[in-house]
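One structure below.
Per chain, numbering begins at 1; letters A, B, ... match sequence-line order. As a basis for the values below, the full set of heavy atoms in this structure was taken, side chains included, without hydrogen atoms, waters or symmetry mates.
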Amino acid sequence: MISVKNLNFSYTRTPFIKNVGFEVKTGEIFGFLGPSGAGKSTLQKILTGLLTGFKGSVLVNGEAIGQHNNSFYENIGVDFEFPSLYEKLTAYENLKFFASLYQKHRDINTLLSKVGLLNDANKKVSDFSKGMKSRLNFIKALLHDPQVLFLDEPTSGLDPSNARVMKDLILNEKAKGKTIILTTHNMYDATELCDRVAFIVDGNIKALDTPRNLIMKRGASKIAYTYSDSGREIKMEVPLNKTSEDETFLRLIRTNCLLSIHSGEPTLNDIFVELTGRQLQ
Amino acid sequence: MRPLFHCFHIFLRQISRDSMLFAVLTAPVLTACAFRFGIPYAEVLLCAYFDKVSILSGYYLLFDLFLAVMTPYMFCFASSMVMLTELDENMARYMAVTPVGKQGYIMSRLVFPGTIAFIVSVILMHFFSLTMWSAPFMTLTCFLTSLLSIAVSLLLVSFSHNRVEGMALAKLSGMIMLGLPVPFFLFSRTQYLFCILPSFWIAKLCVDGNLLLTIPAVLTSLLWILVLYGRFEKILS
Ligand SMILES: Nc1ncnc2c1ncn2[C@@H]1O[C@H](COP(=O)(O)OP(=O)(O)OP(=O)(O)O)[C@@H](O)[C@H]1O
Ligand SMILES: [Mg+2]
């Protein structure tokens, strides 16, 4: 569905996006994960044909970016990082206008009600809160029922319940066989939603795999426990698959002497820090 | 074509909802009336007062030229204001990822208004000009002034970051019109100091009546458009 080969791009003279290549299959949610300024939005802008002047080959939905014509966008839905809406028009008028640009579109009121904006349909967008704008901006990308979705931080600035609604909508699109590129800072969202993620740092892909594999590669999960030994608190760690060999641990369990115990799975964030030496947020 | 017309429709809707822009569009009609009826009357009064045969009538062509420039200028100013708002709201960029496309957006915001401005200025000139114009020559002049105003429009959107800056720059961009009176007052070679201004060549074309002057008039406008378009395209992505 999406194929990127030897992609090079820069806003300036110094190279920025260097030799990036990856494939995304139909029906997959593919995540871009990386710190601020890594080039995630830049990559999305290249994939959607907004930035020209790149080197390499980019194929999206069977069309080569650079040679695509405007009907290509009938099947592309884009949710920019920042809202792109007519502030002086109401939510409904906005969607009505965007719907008029496409050959087919979904029912506007159904979409509005899915993100809880039906009651605000006739309110001007300038009177919307940040989260309301994000939600409206998101359904705008779904309006023409596109095959490929590019979502740039769709859940940022949303409260947990609205973020949940949006994540369910994303999963719903995936269930319908849509291909989705999802940019996020949030490792939990990435772990939950993405089939595969690419770690992007300084315009490079540092790692690319399923969240599960990335986490597994770091080695087994661990159990951390504490107990008291002549008044001193002692901290111990044991890999989950070696607990039966840890005599201290077994003895503590038998004698009910454990002070605390928790299993520690590495998160995508840990993997990210380990592979790139950088923090996600 | 359909997305393009819907995109143009939302453009018209924005202008009609903005009283300032709506007023801007009526300005050429008011100016045309003021020129057509006010200036010959002022001429009569002035000539009687100073006891002369003609004072302003030698410059009637210049007034006509101002009218020919003003209509497209005002239309393109309104267009620039809408585009600046759209840039601010990220709409200009978003259009590029819809079936409208980047080129379609530019068509609907520059070429369509330019074409309408051309038609309106031909009509206004036909009814309100102070001197006699042949139809082809008037059409040519209005075409050139419309081309020029597209350049002005690009200048406004590529160098200002919001409407306030755009309005300030619009006043400055009046400088581009400075070429109009040059052939009327400067007769020596110093007039060619203004040769990068399309307005200078338009005025010279009308004063000299030499059709060959169309070439520099078109070329200078295209040069401005080309340079500014490059800058604007970067802003759009
Ligand atoms: N239009 C532009 N002109 C020049 N440089 C730009 C432009 N847009 C982005 N950049 C630069 O490119 C780099 C990557 O920006 P980009 O927006 O792709 O980052 P990002 O990974 O999306 O970050 P964030 O997570 O903060 O959104 C930054 O250093 C930024 O300054
Ligand atoms: Mg970004």
Side-chain angles (χ1 to χ4, degrees), chain A residues 9 11-12 41-42 44-54 60 65-66 68-90 93-105 124-126 128 133 137 140-141 143-144 146 148-150 152, chain B residues 1-22 78-79 81-109 111-112 157 161-164 226 229-237:
Chain A
F9 173 82
Y11 291 106
T12 55
S41 300
T42 304
Q44 285 218 6
K45 283 184 188 170
I46 293 172
L47 292 179
T48 51
L50 205 53
L51 281 175
T52 46
F54 59 85
V60 177
I65 299 300
H68 63 288
N69 58 19
N70 289 339
S71 61
F72 166 74
Y73 292 110
E74 293 282 349
N75 270 313
I76 305 291
V78 185
D79 182 5
F80 283 149
E81 178 168 33
F82 307 108
S84 45
L85 299 157
Y86 281 116
E87 300 258 335
K88 286 196 195 118
L89 301 185
T90 66
E93 286 170 331
N94 263 285
L95 292 180
K96 182 121 180 104
F97 164 66
F98 291 110
S100 76
L101 301 178
Y102 300 94
Q103 275 162 11
K104 58 172 172 34
H105 66 84
K124 276 191 186 174
V125 172
S126 54
F128 270 28
K133 282 185 194 170
N137 209 45
K140 187 184 70 179
L143 191 58
H144 51 296
V148 190
L149 280 166
F150 292 92
D152 201 342
Chain B
M1 277 317 252
R2 209 178 52 106
L4 207 62
F5 284 112
H6 284 291
C7 182
F8 185 58
H9 177 238
I10 198 101
F11 167 79
L12 295 180
R13 194 155 150 196
Q14 287 179 84
I15 290 183
S16 69
R17 284 194 177 194
D18 189 316
S19 47
M20 195 265 288
L21 294 186
F22 203 73
S79 174
M81 288 301 123
V82 171
M83 285 165 87
L84 284 172
T85 311
E86 287 177 331
L87 275 172
D88 218 35
E89 293 172 344
N90 286 313
M91 270 322 309
R93 242 166 251 124
Y94 190 76
M95 292 290 184
V97 295
T98 69
V100 175
K102 206 185 270 185
Q103 264 75 33
Y105 177 71
I106 289 168
M107 276 285 272
S108 70
R109 299 298 184 263
V111 181
F112 284 16
V157 287
H161 302 98
N162 51 50
R163 276 173 73 122
V164 179
L226 218 70
Y229 181 76
R231 199 182 150 90
F232 183 55
E233 230 218 334
K234 281 220 184 79
I235 295 176
L236 271 189
S237 51

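- Residues Val125(A) and Glu89(B) are not in side-chain contact: their nearest non-hydrogen atoms beyond the backbone lie 4.5 Å or more apart.
- Asn70(A) has its side chain out of reach of Val100(B): every pair of non-hydrogen atoms, C-beta onward, lies at least 4.5 Å apart.
- Closest approach of Phe82(A) to Asn90(B), counting heavy atoms only: CB-ND2, 3.4 Å.
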Extract all donor-acceptor atom pairs below 3.5 Å that involve side chains of residues 96-104 of chain A and protein atoms in other chains or at least two apart in sequence.
| from | atom 1 | to | atom 2 | distance (Å) |
| --- | --- | --- | --- | --- |
| Ser100(A) | OG | Phe97(A) | O | 2.5 |
| Lys104(A) | NZ | His144(A) | O | 3.0 |

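- With a 4.5 angstrom heavy-atom cutoff, Pro83(A) touches chain B only via backbone atoms.
- With sequence neighbours excluded, the residues that form a ring pair (Phe, Tyr, Trp, His ring centres under 6.0 Å) with Tyr11(A) are Phe9(A).
- We find the CD-CD distance between Glu87(A) and Glu86(B) to be 12.5 Å, quoted to the nearest 0.5 Å.
- A pairwise comparison of heavy atoms in Leu236(B) and Leu50(A) identifies O-CD1, 4.2 Å as the closest pair.
- Interface remark: Leu4(B) contributes no atoms to any contact with chain A (heavy atom separation under 4.5 Å).
- Once rounded to the nearest 0.5 Å, the distance linking OG1 of Thr85(B) with NZ of Lys88(A) reads 5.5 Å.
- Looking at Leu85(A), only its backbone comes within 4.5 Å of chain B, counting heavy atoms on both sides.
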For this session: For salt bridge (Lys or Arg N to Asp or Glu O under 4.0 Å), just list the numbers for Arg17(B) and Glu93(A), CA-CA rounded to whole Å, side-chain angles, deciding distance to a tenth of an Å, and then say yes or no.
Result: CA-CA 14 Å; Arg17(B) 284 194 177 194; Glu93(A) 286 170 331; 3.4 Å; yes
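- Between chain A and the residues Glu233(B), Gln14(B), His6(B), the most heavy-atom pairs under 4.5 angstrom are made by His6(B).
- By number of non-hydrogen pairs under 4.5 angstrom with chain A, the leading residue of His9(B), Lys102(B), Arg93(B) is Arg93(B).
- For Gln103(B), no part lies under 4.5 angstrom from a heavy atom of chain A.
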Exercise. What do the steps show when you test Leu89(A) against Ile10(B) for side-chain contact (heavy atoms from CB on, under 4.5 Å), and what is the final call?
Worked result: CA-CA 10 Å; Leu89(A) 301 185; Ile10(B) 198 101; 3.6 Å; yes
